[in-house]
Amino acid sequence: MALLEIHRLNKKFGGLHAVNNVSLTVKKGMIKAVIGPNGAGKTTLFNLIAGNLSPSSGSVVFRNHELQGLKPYQVARMGMSRTFQNIKLFSGMTALENVMAGRHVRSRAGFLAGMFNLPHTWREEAGIRQKSMDLMKLLEIEEFAHKESTSLAFGQQRAVEMARALNTEPELLLLDEPAAGLNMKETAELGRLITKIREMGITILLVEHDMSLVMDISDEITVLSFGHKIAEGKPAAIQQNPEVIKIYLGEN
Amino acid sequence: MNTKKNIGVLGLLGLVIMIQLLTHWTGTQYYLTQLTMSAYYSLVILGLCVLMGYAGQISLGHAGFFAIGGYLAAALTTHDLTPYSNTLIIQVLNRCGLLIQGQDIYGDVLLYFNPWVSCILAISAAALTALVTGIPVLKLKGHYLAMATLGFGTIIYRIVLASAFFGEADGISDVPPFTLVSGIPGLPVIEVSGDFSGRVQNYYIAWSMVIAGTLLLLNLIDSRVGRALRSIHGSEETADAMGINTARYKLKTFILSAIFAAAAGVFLTHFNGGIGPSEAGIMKSVRYVAIVAVGGMANIWGALTMGVLLNFLSLRGIFGTYDDAVFGLILILIMLFAPEGILSIRIRQRLRNAFSSSTSEIRGGESS
Ligand SMILES: Nc1ncnc2c1ncn2[C@@H]1O[C@H](COP(=O)(O)OP(=O)(O)OP(=O)(O)O)[C@@H](O)[C@H]1O
Ligand SMILES: [Mg+2]
């Protein structure tokens with residue numbers, strides 16, 4: 001059984017069929033990309049998978065559990081984490097605090113333990129801080145740790161968001177257009193980073209418009225257009241697919 | 001961070017002692033009464049500060065929780081239970097020492113709830129009410145949440161105003177002292193009461209509670225839970241995506257702040273020897289919100305400072321007949337000119353940035 005199995009998923013917004021009978025599977029350990037023109041339904045698909053939207057019909061099975069009816073926080077606890085197309089950092093918190101918040105699911109101190117500052121929370125807090133700083137080092141943003149997160153440059157904000165998502169120690173990481181707003185050098189770095197994350201044993205599903213990045217790093221690509229899945233396959237095959245060239249690559 | 005927090009709390013303790021000594025030396029002990037009352041009101045404000053400033057949820061009904069605490073403490077310690085003294089439950093309670101005996105002017109024996117029992121019942125009732133109202137109401141956001149909590153406050157206000165059990169428009173008076181410590185050799189009797197001779201003692205009781213409350217909440221904010229609350233404030237959707245059960249955290253914070261309000265209600269009612277419907281009024285709720293706002297929202301120390309200062313001035317009658325209007329005006333001004341409060345984190349950060357070495361800024365190479 002694959003890590004993530006999506007079966008005949010549909011989402012309608014009124015008359016708009018944003019996701020139309022889409023099925024796809026993501027096997028453990030792979031980097032899978034979803035591409036498609038603007039408005040194809042890629043973000044909607046992510047929102048359906050992560051529990052932010054509930055499907056009109058169809059099913060999402062993650063680690064052999066049907067996700068139907070689960071809230072995003074429950075899906076997150078099952079080992080799925082994500083970044084957002086329009087970066088969503090916690091304003092009013094530093095970059096480090098943002099990343100530390102990602103550690104929530106892997107720690108336990110509750111209200112009483114916090115209020116009475118119980119000794120067992122000290123070690124947990126120190127662990128959270130250490131782990132968060134390590135991740136920020138990995139993403140080369142440790143020097144911004146104590147800056148207000150929303151005051152950072154765009155690329156740095158993306159990195160903070162990614163560190164926060166990684167801090168949940170996910171099985172599956174959903175990245176919605178991680179290269180948006182990055183220059184070519186930064187995009188190449190991002191590609192290396194994503195490959196490194198996969199080597200850590202994390203499966204990746206990403207939405208991306210940057211073709212060279214997608215072709216470079218993905219094991220498999222799914223193409224969406226107007227909510228429909230129109231093609232799926234290895235990067236080389238997708239590049240050759242006439243329909244894909246027509247509706248997607250052709251328009252660039 | 002930790003040491004800074006402890007220094008702050010120690011500083012507060014020092015200040016509290018110093019003020020008491022000052023009133024002693026200058027013969028101005030009469031200030032202690034208002035300082036004690038301000039302390040209890042500040043307790044409400046501290047709890048509300050965590051709810052509003054950190055978890056980002058407004059409540060325009062916190063006078064309601066204060067009133068649940070105060071009114072239940074008053075009613076249970078003043079309503080005579082002798083008519084029911086034959087019932088099993090009263091006998092059991094009496095046997096367990098949970099009731100106390102008094103005497104009326106004719107020398108007949110009267111039976112009341114022990115203030116400890118009524119205190120626990122009153123605070124539990126407030127917590128339970130917060131749980132039951134919080135589950136549906138906290139699903140709302142922004143204006144809708146404000147209106148729903150306002151509705152809750154109105155209901156409590158009408159209940160205490162309309163029911164004979166709570167004394168209708170007169171409220172409840174002759175509430176007995178709340179004995180905290182007695183019969184311990186070497187220690188005087190320590191009780192919450194408005195008794196003239198207990199003024200200093202009560203000042204310290206109230207401020208001990210404020211200091212303890214401040215420390216607990218500062219700890220909470222510094223903890224994993226505090227981080228979760230602030231992330232809910234920052235972006236609820238994202239907090240959810242990070243595995244934070246936002247509904248549960250909001251509810252727990254709502255209950256926590258209700259407990260702070262109710263505890264303040266219980267103690268202030270014993271201190272004042274009574275409680276009236278104005279304590280449950282909407283204007284009281286508005287006042288609490290205004291003070292949290294002017295204190296800087298996400299700022300425990302700001303809320304405490306403003307809570308003590310503004311309540312003290314109000315209780316001294318500085319604002320005269322415009323008392324309520326002053327707090328309404330404060331709220332309008334804050335919303336217009338500094339929605340994050342005048343002691344807000346952002347402004348403090350800006351100040352800190354301005355004073356910290358500017359070189360790091362340049363090296364950071366920020367664009368944004
Ligand atoms: N909450 C919503 N309510 C109504 N319509 C929506 C909603 N979310 C998305 N849509 C519509 O659904 C369609 C698919 O949107 P979606 O954001 O999934 O596209 P996308 O593939 O992510 O596009 P982009 O590449 O621009 O990010 C669009 O036509 C969009 O306007
Ligand atoms: Mg999108």
Side-chain angles (χ1 to χ4, degrees), chain A residues 50-52 71-84 87-94 97-98 100-118 121-122 124-125 128 143-144 147-157 161 164-165 167-168 174, chain B residues 1-2 5-6 50 53-54 56 212-213 215-249 251-253 255-256 259 297-298 340 344-346 349-350 352-353 356 360-361 363-368:
Chain A
N52 295 90
K71 301 238 165 55
Y73 78 87
Q74 293 167 316
V75 176
R77 283 176 190 186
M78 289 177 60
M80 192 189 296
S81 197
R82 68 179 300 191
T83 63
F84 295 87
I87 303 177
K88 287 181 181 167
L89 291 176
F90 301 127
S91 59
M93 290 167 72
T94 65
E97 285 171 329
N98 265 272
M100 287 171 79
R103 204 71 195 147
H104 189 85
V105 285
R106 300 281 165 193
S107 45
R108 5 178 9 130
F111 271 78
L112 287 180
M115 283 168 74
F116 291 98
N117 198 8
L118 299 180
T121 67
W122 303 346
E124 183 178 271
E125 239 355 67
I128 294 173
E143 59 183 301
F144 312 115
K147 298 241 164 184
E148 215 273 343
S149 57
T150 48
S151 75
L152 297 179
F154 196 70
Q156 293 153 3
Q157 291 197 28
E161 215 190 20
R164 185 179 63 188
N167 219 356
T168 66
L174 308 182
Chain B
M1 196 71 186
N2 244 320
K5 177 169 70 194
N6 293 335
V50 174
Y54 291 92
L215 187 61
L216 290 179
L217 295 183
L218 286 173
N219 282 341
L220 182 70
I221 284 156
D222 258 358
S223 74
R224 167 177 178 267
V225 172
R227 198 161 46 236
L229 294 180
R230 288 160 59 207
S231 59
I232 292 172
H233 195 4
S235 162
E236 196 167 331
E237 187 193 1
T238 315
D240 206 341
M242 289 302 117
I244 295 166
N245 187 343
T246 55
R248 199 185 177 87
Y249 273 88
L251 184 62
K252 282 189 170 179
T253 312
I255 294 172
L256 179 68
I259 289 174
M297 290 291 190
E340 293 180 58
S344 85
I345 284 200
R346 241 167 245 255
Q349 242 164 20
R350 234 171 270 158
R352 205 173 303 150
N353 282 350
S356 73
S360 67
E361 304 270 313
R363 222 182 325 120
E366 289 165 287
S367 58
S368 176

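Chain identifiers are assigned alphabetically (A, B, ...) following the order of the sequence lines, protein sequences preceding nucleic acid strands; residue numbering begins at 1 within each chain.
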Cationic tip of R164(A) above F90(A) ring, under 6.0 Å, 45° of axis: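 Yes - R164(A) lies over the ring of F90(A), closer than 6.0 Å to its centre and within 45° of its axis.
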Contact origin within [X] toward chain B - heavy atom pairs under 4.5 Å:
| X | answer |
| --- | --- |
| E124(A) | side chain |
| N167(A) | neither |
| I128(A) | side chain |

Candidate pair T238(B) and E236(B), rule side chain to side chain donor-acceptor pair (under 3.5 Å), full reasoning: CA-CA 5 Å; T238(B) 315; E236(B) 196 167 331; over 6 Å; no
Relative to chain A, which of [options] shows the most heavy atom pairs under 4.5 Å?
| options | value |
| --- | --- |
| I232(B), L215(B), I244(B) | I244(B) |
| L220(B), D240(B), L229(B) | D240(B) |
| T253(B), N245(B), T246(B), L256(B) | N245(B) |

Under 4.5 Å from a heavy atom of chain A, the part of A247(B) involved: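 For A247(B), neither part sits under 4.5 Å from chain A.
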Set of residues satisfying side-chain contact (heavy atoms from CB on, under 4.5 Å) with respect to S149(A), sequence neighbours excluded: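 Here the qualifying residues are L89(A), N98(A).
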Pairs of heavy atoms under 4.5 Å with chain B: top-ranked of A165(A), A76(A), G114(A):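 Top option by heavy-atom pairs under 4.5 Å: G114(A).
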Close side-chain approach of W122(A) to N117(A), heavy-atom, < 4.5 Å: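 A side-chain contact under 4.5 Å exists here.
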Electrostatic pair R230(B)-E97(A), nearest N-O below 4.0 angstrom: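 The answer is yes: the pair qualifies as a salt bridge.
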Set of side chain to side chain donor-acceptor pair (under 3.5 Å) partners for S81(A), sequence neighbours left out: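 If we apply the side chain to side chain donor-acceptor pair (under 3.5 Å) test to S81(A), skipping adjacent residues, the hits are T168(A).
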